[in-house]
Protein chains: 2
Amino acid sequence: MELSPTAYVILGMVSREPRSGYEIKALVDNSTRFFWAASYGQIYPELKKLADAGLVEGADAPTGERKRTVYAITEAGEAALVDWLRQPPRTYEMRDEGLLKLFFAGALRREEAAEILRSMRDHHSGLGEKLRAIEPKALEKEDPYPLMVLRGGIEFNQWFAGWCERMESQLLEPAHEKRSS
Amino acid sequence: MELSPTAYVILGMVSREPRSGYEIKALVDNSTRFFWAASYGQIYPELKKLADAGLVEGADAPTGERKRTVYAITEAGEAALVDWLRQPPRTYEMRDEGLLKLFFAGALRREEAAEILRSMRDHHSGLGEKLRAIEPKALEKEDPYPLMVLRGGIEFNQWFAGWCERMESQLLEPAHEKRSS
DNA sequence: ACAGGCATGTAAATAGTTACATGATTCG
DNA sequence: CGAATCATGTAACTATTTACATGCCTGT
């Protein structure tokens, strides 16, 4: 049976220690969400599927009266996870409405086009800040890969914000030819 | 009525001159696809919706016996497009299976983790090449924005490939501490 | 008492891909 | 003639988001 990358996010999240769906969501939001997001609407049904497939196992772990199920990875699950990790990645997608608008910005005035770039810059520098705020937590862990990815995310957002800034000033420079040629 | 960004891609693509669904697909594949893709399954139904909404107008333009419909933007369509361009972008999404695998690479041997980075690097440098191959065409046009976005895409892929390379060597360096600290 | 966080889940809608069917035209 | 490309479309599926419903627990 073919699992989606989202299924492997979940599998990966429970592979270190058992977690509830709620915890998985919180973990995703604080780590993988900038390159792979997941909502409750995916997580809970997916956990059931994974349990049916024998890749995770649910156990009741209530907090007082509040019922709670934590899922642990099984041996089959670990094998499936490692097997997936060894296959070359296939999905690389981006949906960036800012770049899309910039692409069609010929229909706008120059200052309005620059405004798109400013929005994009704000977005990416904001995201960079958020990721930087997470860094100390990642630094404590012994696993170096989440930290590597996090730092990649920080660098990426900085690079992107810088590009936006450069393009913005290029656009607004008083000495403006149509093409640098 | 609220249109999806994909609807605006189509609107934007017919805004310069009338195009068939087939041509729109080809255009998207040669320009916006790296930050906003669209398939026939979206394009044809969306063209109908846009026509119903009065934002584009279809006209028969057969090639010999082969029927063909080209869609032109209407005044209402142009107004809608410009109006959308002036709103701040909202959608910034990424789905990168490579980063995801790297995130969980603690379950692999070091060389296997490096292999993920090599895959990613190949992917991004390949994409960069493809975009560079398109550049001459974009350079001919008078509209500077598609060129700006294209060059952004080239830079982005180069940056990403470079990051992968750096991380790969960091991982394989013989003088390896667990954390640089 | 009330807010906020913990916790689970689902229904409905939207988005998007893939695969297929059909047929014309063009070029070698 | 056969392959590639032009051209349109849809059905089925997969993926994903959003919004909602429900209720417990903790801290102020």
Side-chain angles (χ1 to χ4, degrees), chain A residues 1-10 13-14 18-30 32-52 56 58-71 90-97 100, chain B residues 1-10 13-14 18-30 32-52 56 58-71 90-97 100:
Chain A
M1 111 242 54
E2 187 90 2
L3 298 179
S4 66
T6 301
Y8 288 106
V9 177
I10 294 168
M13 289 301 181
V14 300
R19 316 258 193 202
S20 68
Y22 188 84
E23 285 173 309
I24 292 168
K25 167 76 163 115
L27 277 171
V28 166
D29 283 346
N30 282 301
T32 67
R33 91 166 180 299
F34 88 90
F35 58 90
W36 208 289
S39 61
Y40 288 127
Q42 286 172 277
I43 291 169
Y44 285 111
E46 201 66 65
L47 277 169
K48 264 185 194 159
K49 270 201 251 171
L50 289 170
D52 287 346
V56 299
D60 284 352
T63 323
E65 273 313 281
R66 179 168 55 194
K67 74 169 174 181
R68 181 164 167 273
T69 311
V70 293
Y71 293 84
R90 312 224 300 278
T91 304
Y92 296 95
E93 275 162 44
M94 221 179 166
R95 298 195 103 81
D96 187 317
E97 203 181 350
L100 196 54
Chain B
M1 114 240 55
E2 186 90 4
L3 297 178
S4 66
T6 300
Y8 288 106
V9 176
I10 294 169
M13 288 301 182
V14 301
R19 315 258 193 203
S20 67
Y22 187 82
E23 286 174 308
I24 292 168
K25 168 75 163 114
L27 277 169
V28 165
D29 283 345
N30 282 299
T32 67
R33 91 166 180 299
F34 89 90
F35 57 91
W36 207 289
S39 60
Y40 288 128
Q42 286 173 278
I43 291 169
Y44 285 110
E46 200 65 67
L47 276 169
K48 265 184 193 159
K49 271 202 248 171
L50 290 170
D52 287 347
V56 299
D60 285 352
T63 322
E65 272 314 279
R66 181 169 54 196
K67 74 171 174 180
R68 181 163 167 272
T69 312
V70 292
Y71 293 85
R90 313 225 296 280
T91 305
Y92 295 93
E93 276 162 45
M94 221 179 165
R95 296 195 104 81
D96 188 317
E97 204 183 347
L100 196 53

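All figures in this text were calculated on a predicted structure; none of them were measured in a lab. Labels below follow one simple rule: chain letters A, B, ... track the order of the sequence lines, proteins then strands, and each chain is numbered from 1.
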Please enumerate all residues that pass ring pair (Phe, Tyr, Trp, His ring centres under 6.0 Å) together with A/F34, with sequence neighbours excluded. none
Write out a two-atom table: protein N or O, nucleotide N or O from nucleotides 11-18 of chain C, distance below 3.5 Å.
residue, atom, partner, partner atom, Å
C/dG16, OP1, A/R95, NE, 2.8
C/dG16, OP2, B/T6, OG1, 3.0
C/dG16, OP2, B/Q42, NE2, 3.1
C/dT17, OP2, B/Q42, OE1, 2.9

Please find the earliest and latest nucleotides of DNA chain D, in the 5' to 3' direction, that have an atom within less than 4.0 Å of any heavy atom of chain B. D/dT5 to D/dT16
Measure across A/G41 and A/P45 and return the closest heavy-atom pair with its distance rounded to 0.1 Å. O-CG, 3.3 Å
Which atoms form the tightest heavy-atom contact between B/L47 and B/V56, and what is the distance? O-CG2, 3.9 Å
Residues two or more places apart in sequence or in another chain: which of them pass side chain to side chain donor-acceptor pair (under 3.5 Å) with B/S20? B/E23
Can you give me the N/O atom pairs linking the protein to nucleotides 23-27 of chain C at distances under 3.5 Å, or say none if there are none?
residue, atom, partner, partner atom, Å
C/dA24, O3', B/R66, N, 3.4
C/dA24, N3, B/R66, NH1, 3.0
C/dT25, OP1, B/E65, N, 2.4
C/dT25, O4', B/R66, NH1, 3.4

Would you say A/E93's side chain and B/R95's backbone share a donor-acceptor pair under 3.5 angstrom? no
Applying ring pair (Phe, Tyr, Trp, His ring centres under 6.0 Å), can you list everything that pairs with B/Y71, at least two apart in sequence or on another chain? none
Report the residues that fulfil side-chain contact (heavy atoms from CB on, under 4.5 Å) with A/D52, sequence neighbours left out, ordered by chain and then residue number. none
Is a donor on one side and an acceptor on the other found under 3.5 Å between the side chain of B/E46 and the backbone of B/A7? no
Expressed in angstrom and rounded to an integer, what is the separation of A/Y44 atom OH from C/dC6 atom P? 12 Å
If I compare all heavy atoms of A/V70 with all of A/A61, which pair ends up nearest, and what's the gap? CG2-CB, 3.9 Å
Please list, chain by chain and in numerical order, all residues satisfying side-chain contact (heavy atoms from CB on, under 4.5 Å) with B/A26, sequence neighbours excluded. none
Note the angle between the end axes of the helix from C/dA1-D/dT28 to C/dG28-D/dC1, five pairs defining each, rounded to 10 degrees. 30°
B/S39: what forms a side-chain contact (heavy atoms from CB on, under 4.5 Å) with it, not counting sequence neighbours? B/Q42
Residues in side chain to side chain donor-acceptor pair (under 3.5 Å) with B/D29, at least two apart? B/K25
Look at all strands and tell whether B/K25 reaches a base, only sugar-phosphate, or nothing, counting heavy atoms closer than 4.0 Å. nothing
Ring pair (Phe, Tyr, Trp, His ring centres under 6.0 Å) partners for A/Y22, two or more places apart: none
In whole Å, I'd like the distance from the CD1 atom of A/I24 to the C1' atom of C/dC6. 14 Å
